[in-house]
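Encoded as structure tokens, the structure appears first; notes follow it.
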Amino acid sequence: MRLDFWRHWSVRARLLCVTLIPLAYMFCTFVWYAYHSRLAEVREEMAERGPLVAKVLAQSSEFSLLTHRYDDLNLTVNGLLQSDASIDRIEVLDAQRHALVQALAPAPGRPDARYYEAPILKRLMFVTMLAADGKPYRKDQPAGSSSAVETMGYVRVTMSPSALLVKQTRRFYVELLVASLGLLVCALLAWQLSQGLNVSLQASMQALRAADAEKRRLIRKVNTAVEDERKSIALEIHDELNATLIAARLEAQRIVDVSEEGEVRERAQSIIKLALGLYNSGRTLVRRLRPEVLDMLGLDGAVEEMVRHYDRAHAGCRYLFRADGDFARLESGIGISAYRIVQEALSNIAKHARATQVTVALTLDAAGLRMEIADNGSGYDAALASAGIGIVGMRERVAAFEGRIDIATALGAGTRIAIFIPHAAPAS
């Protein structure tokens, strides 16, 4: 059985469970305690009443047993059975434990397994008299007799818990009714409180969702503004700076063509080399600011070109790429963000990972865009390392489109970045 089934519950259901489970536990504990305490009271009452009834009946049966008036003894026993419903059976036994009188309750219940027994004692009284010589003696005292008490029989009382259980059951039902009413009142209060808290929490969560959505829209607008500014700067560099460098190079070439061998010709050639270097740097900067290949080849082609560049530039590391899906239908905002994420990830790998193999995988399906950048480098301890600007930027770009990013890494185990961006992400 899954232990996280409650994760799909609403906030109100969770609040009710947090409130009602302890109450239900306390209610069950109280019912269990009340039930067993009532049973214990029945046992204690039988243990107290049984010996007392047997003792009293034994004391009152001495004369009837001595005079063999068993009818009177039978009337006494039956009267006691009728007056006390907790007695199931009374037996009067002789000294050899033979039954003399035996009576059952008019409405016999479930007899107890134990019985209580008391002896019927015959107390002998000796009269002290004076003899002719004036010496005292006890009349009718047998010679050699020193005991004044003799056991004539026994009274055996068997108790029945049925009547006591009926009485205690009524009390238990009263306690159960009171506890149930208390539980019901607490449940109603918990329901009302959870309703109020649920409304408040839902309002707070709605406000948080609205703030989060506003934050994502703001991030997308900022990213769009940044990309537009990069595009503007790239155009300025391409149209102004690179055009000026081309003109300077052409002018320097004309000087070389019309100059004779000497210092002027050498300086002009140096200017040509500097202009060509600056032009190439400008072209590289333009590609970084606004990769034209993204517009021409799409996301998969642009990332593949980037991976090839890293593979050529880093001889000690093998860069691999694979893609699956029709990237022509991908939204341009998601495309440029995904390109920047891969760009930042490969830059971090080249600077810090010391890897020998890097894999970049792109998949576009009906659900959305999935990206995975993995390396076999040194990795790092995610619990100790603080997220740099590059990681924060990647997280913000993914969050702007309601996506997910998962970074799995460990010391010596490389790093794996898995990203998912929904295909139906809201527009900027």
Side-chain angles (χ1 to χ4, degrees), residues 1-53 80-89 104-116 157-216 399 402 404 422:
M1 185 180 68
R2 294 182 58 185
L3 298 179
D4 58 346
F5 59 91
W6 53 269
R7 295 182 181 275
H8 302 290
W9 292 1
S10 63
V11 176
R12 186 175 187 180
R14 297 183 187 185
L15 288 173
L16 284 175
C17 284
V18 169
T19 306
L20 293 180
I21 287 177
L23 288 175
Y25 174 76
M26 293 176 62
F27 175 78
C28 294
T29 303
F30 172 77
V31 170
W32 178 86
Y33 174 77
Y35 175 77
H36 285 279
S37 64
R38 292 305 173 191
L39 291 180
E41 287 183 10
V42 169
R43 289 191 293 266
E44 291 175 0
E45 188 169 354
M46 285 195 305
E48 180 180 354
R49 183 178 296 186
L52 181 61
V53 170
L80 184 59
L81 285 173
Q82 292 178 359
S83 63
D84 195 339
S86 62
I87 302 175
D88 181 73
R89 177 185 301 175
L104 295 175
R110 178 172 58 88
D112 191 22
R114 297 171 297 175
Y115 59 85
Y116 305 94
V157 177
T158 303
M159 305 296 293
S160 173
S162 301
L164 297 177
L165 284 174
V166 170
K167 181 176 66 174
Q168 296 296 342
T169 300
R170 294 195 189 100
R171 295 180 181 178
F172 173 73
Y173 284 154
V174 171
E175 293 175 352
L176 183 62
L177 177 61
V178 173
S180 300
L181 290 176
L183 180 63
L184 179 61
V185 171
C186 291
L188 292 176
L189 288 176
W191 179 271
Q192 293 296 327
L193 289 175
S194 65
Q195 185 176 11
L197 289 175
N198 184 62
V199 172
S200 177
L201 284 174
Q202 290 296 336
S204 300
M205 292 175 65
Q206 187 65 29
L208 287 174
R209 292 192 188 100
D212 187 60
E214 183 64 27
K215 176 185 175 183
R216 288 194 296 270
E402 299 182 3
R404 300 189 304 271

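Not measured: the values here are computed from a predicted model.
- Summarising the geometry of Ala190 relative to Leu20, their closest heavy-atom pair is CB-CD2, 4.1 Å, with the distance given to 0.1 Å.
- Across all non-hydrogen atoms, the minimal contact from Val157 to Gly50 is CB-O, 4.4 Å.
- The two atoms that bring Leu23 and Cys186 nearest to each other are CD1-CB, 3.5 Å, heavy atoms only.
- A donor-acceptor contact shorter than 3.5 Å links the side chain of Ser83 to the backbone of Leu80.
- Of the inter-residue distances, the one linking Met46 atom CE with Tyr116 atom OH reads 5.5 Å to the nearest 0.5 angstrom.
- For Glu214, the salt bridge (charged side-chain N to carboxylate O under 4.0 Å, His left out) partners two or more places apart in sequence, or in a different chain, are Arg217.
- Rounding to the nearest 0.5 Å gives a distance of 11.5 Å between OG of Ser200 and CE of Met205.
- Looking at heavy atoms from C-beta onward, Val174 lies out of side-chain contact with Arg170 at the 4.5 angstrom threshold.
- Taking every heavy atom of both residues into account, Ser160 and Asp88 meet most closely at CB-CB, 3.5 Å.
- Every residue meeting the salt bridge (charged side-chain N to carboxylate O under 4.0 Å, His left out) condition with Arg38, not counting sequence neighbours, appears here in chain and number order: Glu41, Glu175.
- With rounding to the nearest 0.5 angstrom, the CZ atom of Arg171 is 4.5 Å from the CD atom of Gln168.
- Within the model, atoms OG of Ser86 and CG of Leu165 stand 11.0 Å from one another, a figure rounded to the nearest 0.5 Å.
- Here the CD-CD1 distance, from Gln82 to Ile87, works out to 11.5 Å after rounding to the nearest 0.5 Å.
- Under a cut-off of 6.0 angstrom, the local environment of OH in Tyr35 is sparse, with at most 12 non-hydrogen atoms contributed by other residues, nucleotides or ligands.
- For the atom pair CG (Leu176) and CG (Leu183), the distance works out to 10.0 Å, reported to the nearest 0.5 Å.
- For Arg114, the salt bridge (charged side-chain N to carboxylate O under 4.0 Å, His left out) criterion is met by Asp112, not counting sequence neighbours.
- Identified under the ring pair (Phe, Tyr, Trp, His ring centres under 6.0 Å) test for residues 182-214, with sequence neighbours left out: none.
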Show the atom names and distances, to 0.1 Å, of all donor-acceptor pairs under 3.5 Å that link a side chain in residues 27-34 to residues at least two apart or in another chain.
| residue | atom | partner | partner atom | Å |
| --- | --- | --- | --- | --- |
| Thr29 | OG1 | Tyr25 | O | 2.8 |
| Trp32 | NE1 | His36 | NE2 | 3.0 |

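- For Glu45, the salt bridge (charged side-chain N to carboxylate O under 4.0 Å, His left out) partners are Arg49, Lys167, not counting sequence neighbours.
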